[in-house]
Amino acid sequence: MNRDEVNKWKAELPLIGPVMEREEVLWLNPRVESTATVLPKTSVTAKDVQDAADRLKRFAPYIAHVFPETTASNGIIESPLTAIPQMKAALANAYGVEIPGELLLKEDNALPISGSIKARGGIYEVLKHAETLALEHGFITTEEDYAKFAQPEFGNLFAKHKIAVGSTGNLGLSIGIMSAKLGFDVTVHMSADAKQWKKDMLREKGVTVVEYADDYSKAVEEGRRQADADPLCHFIDDENSTDLFLGYAVAGERVAAQLKKRGTLVAADHPLFVYLPCGVGGGPGGVAFGLKLVFGDHVRCFFAEPTHSPCMMLGMMTGLHDQLSVQDFGLDNKTAADGLAVGTASGFVGKTMEPFMTGCYTIADETMFKLLKLLADTEEIRLEPSALAGMTGPVNSIRENVGHADSAQATHLVWATGGSMVPEEEMAAYYAKGAGQ
């Protein structure tokens with residue numbers, strides 16, 4: 001995109017100027033439509049999401065067998081839904097905004113196996129690929145006990161096949177850990193912003209890690225190119241994968257069950273606001289889609305992005321989606337929120353979710369670190385920086401009075417995307433940065 005085109009967009013969309021200045025902004029989507037109107041037009045269906053949910057249930061006995069930490073949940077990979085009243089009070093005090101409704105945290109930071117939201121979509125796509133191969137080779141039927149996947153002959157089959165992915169870190173962890181456990185030859189192509197401890201952990205699990213000096217898009221491009229040359233290699237495409245999207249979308253029905261269990265009503269006069277940290281878009285897009293399937297217009301979903309990497313916001317604002325990058329607008333795509341360091345959003349997710357999303361907003365790295373410390377101090381919950389991107393969502397919604405966000409009957413749900421796998425010394429450094437040390 002040349003300078004004249006950028007200036008044209010700045011004149012047409014005044015919010016682009018502040019975005020280019022790396023200011024924290026909220027964009028409300030003028031193209032949002034009713035869920036009932038949009039769903040019949042989407043390429044992804046409720047039946048597809050149910051199929052994914054059923055597949056995960058089939059694999060639950062295997063998961064429980066090979067990952068003992070999932071025994072208590074009978075092999076279902078799920079995270080707690082936690083009220084954070086002390087953080088709500090601290091947030092209201094810090095921003096001078098009353099938050100009358102309840103504030104909840106969806107702790108995907110505590111998801112078993114890989115400790116991030118990527119354990120949903122990433123693990124799901126690996127399992128689906130393993131099932132496809134096992135069915136094709138007559139190793140199993142869908143009516144059998146999937147604990148059989150732990151038997152040596154399955155590992156021998158999968159060892160002849162490869163899985164590859166491009167990642168800033170957490171997706172690579174989930175895919176690498178699950179693929180290696182099944183026996184696949186797995187390669188993770190890591191961008192320059194991926195944390196060293198994530199690379200080290202993958203290598204310890206027997207995963208091949210290829211490092212790049214460039215950003216996420218280059219890692220994906222190279223991974224895709226190399227996989228295309230090998231007929232036995234399955235490339236998990238974070239930019240375009242429907243299977244990843246469906247794995248995340250299963251979260252909708254699970255959150256609905258958790259809300260019901262705790263007595264939280266979601267209805268026209270009890271709106272649910274959900275704030276989702278966003279990188280390329282697959283994880284938050286899939287989750288938002290799943291929530292829309294369950295709650296329709298009673299849920300308002302927002303994508304949250306770093307001020308240096310607002311690719312989804314720019315893509316949706318302009319309608320250009322993956323036809324632009326943040327670099328086109330003078331932004332450097334450099335952020336401590338490594339999982340969100342993406343210059344070009346998924347066109348598939350952007351176009352699919354555009355009519356569903358209430359809006360997008362940006363958050364500065366400095367803000368994420370301060371909120372990281374605040375959450376640790378008030379609730380003793382420790383997240384990685386990118387997982388705090390959702391935390392200013394309630395403040396933004398209430399200040400703009402989006403859909404009765406300031407109602408005492410509203411529920412605000414911040415999606416915590418990762419953190420439990422972060423080494424203690426790394427987390428201590430994050431905390432110190434939040435304290436200004």
Side-chain angles (χ1 to χ4, degrees), residues 66-73 77-84 86-87 90-91 94 105-120 122-123 167-178 180-181 188 190-207 209 211 277 279 283 304 306 334-341 363-391 414-437:
V66 298
F67 294 105
E69 62 267 35
T70 68
T71 303
S73 61
I77 302 167
E78 198 42 77
S79 69
L81 187 64
T82 307
I84 47 172
Q86 285 79 25
M87 182 63 179
L91 200 61
L105 189 71
K106 182 57 176 161
E107 289 194 74
D108 271 9
N109 56 294
L111 277 173
I113 302 178
S114 65
S116 83
I117 188 174
K118 303 298 186 180
R120 298 183 183 277
I123 287 176
S167 174
T168 59
N170 284 344
L171 183 64
L173 276 180
S174 67
I175 287 169
I177 292 169
M178 190 71 253
K181 180 65 71 173
V188 178
M190 299 283 250
S191 54
D193 35 57
K195 297 289 187 285
Q196 187 60 46
W197 67 266
K198 295 181 182 180
K199 299 171 187 175
D200 294 342
M201 182 177 290
L202 281 169
R203 289 182 172 121
E204 288 169 11
K205 302 285 185 182
V207 175
V209 177
E211 300 183 52
K334 293 182 179 177
T335 170
D338 56 331
L340 312 183
I363 182 169
D365 281 21
E366 180 184 6
T367 306
M368 283 185 266
F369 280 112
K370 287 179 178 178
L371 292 170
L372 181 152
K373 178 183 181 296
L374 195 60
L375 184 65
D377 290 345
T378 56
E379 304 286 352
E380 297 185 351
I381 296 172
R382 288 166 173 77
L383 306 178
E384 58 188 357
S386 58
L388 275 303
M391 198 61 75
V414 174
W415 212 280
T417 46
S420 65
M421 305 287 276
V422 176
E424 285 186 23
E425 62 274 15
E426 190 93 5
M427 190 62 78
Y430 292 156
Y431 183 92
K433 195 160 188 176
Q437 297 174 2

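Side-chain contact between L91 and L371: present, with at least one pair of heavy atoms (C-beta onward) separated by less than 4.5 Å. T417 places none of its side-chain heavy atoms less than 4.5 Å from the side chain of D108. Residues P112 and F67 have side chains not in contact (no heavy-atom distance under 4.5 Å, counting atoms from C-beta outward). Residues K199 and L202 have side chains not in contact (no heavy-atom distance under 4.5 Å, counting atoms from C-beta outward). Side-chain contact check for M201 versus L173: some heavy-atom pair is nearer than 4.5 Å. Contact annotation: the side chain of E78 approaches that of R120 to within less than 4.5 Å [non-hydrogen atoms, C-beta and beyond]. Put simply, the side chain of N170 reaches to within 4.5 Å of the side chain of K198, judged on heavy atoms. Side chains of I77 and I113 form a contact here, defined as non-hydrogen atoms less than 4.5 Å apart.
A donor-acceptor contact shorter than 3.5 Å links the side chain of E379 to the backbone of M87. A distance-only check finds no donor-acceptor pair linking the side chain of S386 to the backbone of A337 [under 3.5 Å]. Judged by distance alone, the side chain of S420 and the main-chain N or O of N109 form a donor-acceptor pair under 3.5 Å. Panel note: side chain S174, backbone K118; a donor-acceptor pair is recorded below 3.5 Å. Listed for the T367 side chain is no donor-acceptor partner under 3.5 Å among the backbone atoms of I363.
Distance check: E107 CD to I84 CD1 gives 8.5 Å after rounding to the nearest 0.5 Å. Rounding to the nearest 0.5 Å places CD1 of I177 at 5.5 Å from OG of S114.
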Pairs under 3.5 angstrom only: tabulate donor-acceptor contacts from the side chains of residues 421-436 to other protein residues two or more places apart or in another chain.
{"unit_1": "Y431", "atom_1": "OH", "unit_2": "D377", "atom_2": "OD1", "d": "2.5"}
{"unit_1": "Y431", "atom_1": "OH", "unit_2": "D377", "atom_2": "OD2", "d": "3.4"}

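Minimum heavy-atom separation, A119 to I123: O-CB, 3.2 Å. Across L372 and P385, no two heavy atoms sit closer than the pair CD1-N, 3.9 Å. Of all non-hydrogen atoms in D365 and A336, the two that sit nearest each other are OD2-N, 2.6 Å. Among all heavy-atom pairs drawn from L340 and A304, the shortest one is CD1-O, 4.3 Å. Here the shortest heavy-atom pairing between D338 and A194 reads OD2-CA, 4.5 Å. Contact record, G176 with V207: O-CG2, 3.5 Å, taken as the closest heavy-atom pair.
Around atom CD of E211, more than 12 heavy atoms belonging to other residues, nucleotides or ligands sit under 6.0 Å away.
Of the candidates L374, L375, T378, T378 is the only one forming a side-chain contact (heavy atoms from CB on, under 4.5 Å) with Q86.
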